Protein chains: 2
Amino acid sequence: MYKIKEVADMVGISVRTLHHYDEIGLLKPDSTTEAGYRLYSEKDLEKLQQILFFKELDFDLKTIKEILSNPNFDKRRALELHKQLLIKKRDRLNKIIECVEDTIESIERGIKMSKDNMFEAFDMSEIEKYKQKYAEETKQKYGHTDAYKESMAKTSKYTNKDWENIIQRQSEIYREIAELMDRTPDDEDVQRAVEKWRQHITDNFYYCTIDIFRGLGELYVIDDRFKNNINKIQEGLAEFLSEAIRVYCDRAEE
Amino acid sequence: MYKIKEVADMVGISVRTLHHYDEIGLLKPDSTTEAGYRLYSEKDLEKLQQILFFKELDFDLKTIKEILSNPNFDKRRALELHKQLLIKKRDRLNKIIECVEDTIESIERGIKMSKDNMFEAFDMSEIEKYKQKYAEETKQKYGHTDAYKESMAKTSKYTNKDWENIIQRQSEIYREIAELMDRTPDDEDVQRAVEKWRQHITDNFYYCTIDIFRGLGELYVIDDRFKNNINKIQEGLAEFLSEAIRVYCDRAEE
DNA sequence: CATAAACTATTACGTTACGTTAGAATCAAT
DNA sequence: ATTGATTCTAACGTAACGTAATAGTTTATG
């Protein structure tokens, strides 16, 4: 058992930081003395290491908490993803180093750099994308389903452009359905749009069976992450879409 | 000339960020339209690139502003220091990657890692040290003086403990002088304390000639960085000390 | 064994670098 | 002429601690 400053010194963070982590429930000490002194165990140290890994990847504390508190959390898998992300970060740094070198050269030669070259290296979008996927993978409640895994396998092969196109197409369909929200979920046009949506999933993620599709439809209202995201397009769209998918699946199964 | 969103998109930052930089005076647009729209020039873009470089090294905006607004700012030199620091950061990342690998292995083999190995890689102190030196080097108005360079050469050799002792002794002397502030600057005891101060500089930084000492005394009230720092000990100490040094130097030169 | 030095706790306000509305004006394109 | 995108200012929100104040606890030392 370690006292708070021992931990702080060992790890290289401040006592206040540990207080803070306790406050927000990210890392509660194993126990306390009679006087209320915090006592940290070996386990706590391991968790703290995990936290530092996540912090290194610029995850916010709330997300770290969610990830670590997930009962399905797979430490081994997480570490491998950490490694990948860290490598990406390192590569980004290498790019920036190159950019600095280029800039030095451009000054010496008196040439101007193109704007692309000036700022390209700072781009974080790819890293952010992987972080998102990472957070999703580790957070998912349904991370064990085959459909999800197939999805992961497919999506990981996409390039930036592919991905943009998919997202683009996706919001097109969402918007199309949103436009039809004054109709009823069983309306012909609505159902045609739902069919498009299913096809989109099959084309880009995994073969979307009726069963999966039904589950997905439910997920859109049960899971706040999906729900909120969809309702960004149009308030109430998640509910509407979910209902329309239910109708679609009912009909398909006749 | 670019409008704000053009810049934001080109660089990959938000419009709000540019607003913010304008607010705090870090990056003011070259000009504005009649309607008050911000217009950014090529020069502004170059400066923005510099800002991003500094941000990549986790300098805070205030420090970046100070550095960039220094008329002696040497872009070329700065870029080289950037490069060095970035390389250090990359190496740190590499260490962390190794640490992740080790952790994976330790899990597989069921062995425990030593605490040192668990947390060593996260250490930022060396990078921070270099950052400090960097900030000092680029900020100094008197960075060209020999006294300053000698100081740099000496200080860079100190270990943490040495450094603490020096700082300790320094504030002792400051405090001693602060205690004497009810006397006049030419008071015997005050002058003795000033002598101690000069000796301290000679012992630890560089041979402090009367000329240098006189300049230093002026610096304490002219340069806000020194002034504010000294006045933290006691309001008005900077002015008092400065005057006492003037008296000291006048007497010494007779 | 007392007593100072070092640690710890809680509470609470401060800070940095923006994010996020909100409301109004301006511009670009149909 | 209107609509959608962009811009402005102003102002409050927030994340992850830092910092300061006050008070109780433990440990080292004369």
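What you are looking at is a predicted structure, and each value in this text was computed from that prediction instead of being measured. Below, chain A is the first sequence line, B the second, and so on; all start at residue 1.
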Rounded distance in Å - [atom1] ([X]) to [atom2] ([N]):
{"X": "B/Glu34", "N": "D/dC8", "atom1": "CD", "atom2": "C1'", "value": "15 Å"}
{"X": "B/Leu52", "N": "C/dA17", "atom1": "CG", "atom2": "C1'", "value": "14 Å"}
{"X": "B/His20", "N": "D/dA11", "atom1": "NE2", "atom2": "P", "value": "17 Å"}
{"X": "A/Lys65", "N": "D/dA16", "atom1": "NZ", "atom2": "P", "value": "12 Å"}
{"X": "B/Asp9", "N": "D/dT7", "atom1": "CG", "atom2": "C1'", "value": "14 Å"}
{"X": "B/Leu39", "N": "C/dT26", "atom1": "CG", "atom2": "C1'", "value": "13 Å"}
{"X": "A/Arg38", "N": "C/dT8", "atom1": "CZ", "atom2": "C1'", "value": "8 Å"}
{"X": "B/Leu61", "N": "C/dG19", "atom1": "CG", "atom2": "P", "value": "12 Å"}

Sugar-phosphate only, base, or nothing, as touched by A/Ser14 at under 4.0 Å among non-hydrogen atoms: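 Sugar-phosphate only.
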For a quick check of understanding: with a heavy-atom distance under 4.0 Å over all strands, which category does B/Ile4 fall into, base, sugar-phosphate or nothing?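 Answer is sugar-phosphate: B/Ile4 comes under 4.0 Å of backbone atoms only.
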Name the orientation class of the two ring planes belonging to A/Tyr174 and A/Trp197 (parallel below 30°, tilted from 30 to 60°, perpendicular beyond 60°).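 Correct class here is tilted.
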Look at the side chain of A/Tyr37 and decide which nucleotide, out of C/dC27, C/dT8, C/dG19, has an atom nearest to it.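 So the side chain of A/Tyr37 is nearest to C/dT8.
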Closest to the A/Thr17 side chain, choosing from D/dT25, D/dG18, C/dA17: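 Looking only at side-chain atoms, A/Thr17 lies closest to D/dG18.
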Which residue is it: B/Ile64, B/Leu18, B/Leu68? I am looking for the one with a side chain to side chain contact (heavy atoms under 4.5 Å, CB included) to B/Leu27.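 Checked B/Ile64, B/Leu18, B/Leu68 against B/Leu27; only one passes side chain to side chain contact (heavy atoms under 4.5 Å, CB included): B/Leu18.
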Check [Y] with [X], please: is the shortest side-chain N to carboxylate O separation under 4.0 Å?
{"X": "A/Asp30", "Y": "A/Lys43", "value": "no"}
{"X": "B/Arg92", "Y": "B/Glu126", "value": "no"}
{"X": "B/Lys5", "Y": "B/Asp9", "value": "yes"}

Nearest nucleotide by nearest heavy atom, which residue falls closer to the 5' end of DNA chain D, B/Lys5 or B/Arg16?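 Its nearest nucleotide being more 5', the pick is B/Lys5.
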By nearest heavy atom, map A/Ile24 and A/Ala35 onto DNA chain D; which one lands nearer the 5' end?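 Of the two residues, A/Ile24 wins.
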For a quick test of reading the model: is some side-chain N or O of A/Tyr21 closer than 4.0 Å to OP1 or OP2 of D/dA16?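 Checking D/dA16 against A/Tyr21, no side-chain N or O comes under 4.0 Å of OP1 or OP2.
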According to a strict under-4.0 Å criterion, is A/His19 in side-chain N/O contact with OP1 or OP2 of C/dA9?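 For A/His19, the contact criterion (side-chain N or O under 4.0 Å from OP1 or OP2 of C/dA9) is met.
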Upstream residue (5' side of DNA chain C) when A/Glu23 and B/Lys62 are each assigned their closest nucleotide: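 Nearest-nucleotide comparison on DNA chain C picks A/Glu23.
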